[in-house]
Amino acid sequence: MPWSGWFSNQAKKRKKVEPWVMADVSYEEELHIEIVLRSIVNYIDPDEVPDLISALSKDVEILTKFFVK
């Protein structure tokens with residue numbers, strides 16, 4: 001898979017995440033996020049799941065670069 005190893009490579013490059021960058025998420029918000037992600041995964045074709053994971057990980061990388069300097 002094209003995105004395998006991405007997380008371990010990014011972990012090696014990533015700087016310490018400052019406390020002001022971390023978000024406080026309640027259990028209710030976390031549940032809503034999980035429900036939305038599960039509905040997306042159940043709706044799309046199984047062959048497209050790796051592309052979804054890759055797109056989400058790229059978004060996280062972009063946001064991390066934007067907020068952690």
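What you see is a predicted model; the values in this text were computed from it and never measured. Heavy-atom basis, side chains included; hydrogens, waters and symmetry copies ignored.
- Under the 4.5 Å side-chain heavy-atom criterion for grouping Ile, Leu, Val, Met, Phe, Trp and Tyr, Leu37 is not connected to Val25 through any hydrophobic cluster.
- In this structure, CD in Glu34 is found 11.0 Å from OG in Ser39, a value given to the nearest 0.5 Å.
- Neither Ile35 nor Val49 shares a network with the other; the hydrophobic side chains, linked directly or stepwise wherever heavy atoms of I, L, V, M, F, W or Y lie under 4.5 Å apart, form separate groups for each.
- Within the model, atoms CG of Asp45 and CG of Leu52 stand 12.0 Å from one another, a figure rounded to the nearest 0.5 Å.
- Annotation: the span from Tyr27 atom OH to His32 atom NE2 amounts to 15.0 Å, rounded to 0.5 Å.
- For the atom pair CD1 (Ile53) and NZ (Lys58), the distance works out to 13.0 Å, reported to the nearest 0.5 Å.
- If you chain together hydrophobic residues whose side chains sit under 4.5 Å apart, Leu31 and Val36 never meet in one group.
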